[in-house]
Amino acid sequence: MKAKLGVGALVLLFLGGLWLIAAPFAVGYQPRGAEYVDATVNDLWLGGVIAGISFVSLVIYAADALRELARRGKHADA
């Protein structure tokens, strides 16, 4: 149960980071063709960091889960 909650939180964080990256353009507070305003730069950096950290965490969790499955499989064959 805790694992599902943790993975769900990481997925939500990842999606939140992606939203922060897309928000300046989707909402329209970044004028098209203009220099990036400070809010856009902040959203891009913060969204990138949040999405990156949560993605790496999801990959680490998946690798650990696969390692655990492989370990259990070796015991079943023996």
Scan the side chains in residues 11-18 for donor-acceptor partners under 3.5 Å anywhere in the protein, sequence neighbours excluded, and list what turns up.
none

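Nearest heavy atoms, Thr40 versus Gln30: OG1-OE1, 2.7 Å.
Linking Ile, Leu, Val, Met, Phe, Trp and Tyr whenever their side-chain heavy atoms come within less than 4.5 Å puts Trp45 and Tyr36 in one cluster. Hydrophobic clustering (side-chain heavy atoms under 4.5 Å, transitive across Ile, Leu, Val, Met, Phe, Trp, Tyr) keeps Val49 apart from Trp19.
To the nearest 0.5 Å, atom CG of residue Leu58 and atom CD1 of residue Ile53 are 12.5 Å apart. Atom CZ of Arg71 is separated from atom CG of Asp64 by 10.0 Å, given to the nearest 0.5 angstrom. Between Ile60 atom CD1 and Phe55 atom CZ the span is 11.0 Å, to the nearest 0.5 Å.
Shown here are the side-chain hydrogen bond (donor to acceptor under 3.5 Å, both in side chains) partners of Tyr61, two or more places apart in sequence or in another chain: there are none. Scored by the salt bridge (charged side-chain N to carboxylate O under 4.0 Å, His left out) test, Glu35 finds no partners at all (sequence neighbours excluded).
Looking only at side-chain heavy atoms (C-beta outward), Ile21 and Asp43 stay at 4.5 Å or farther from each other.
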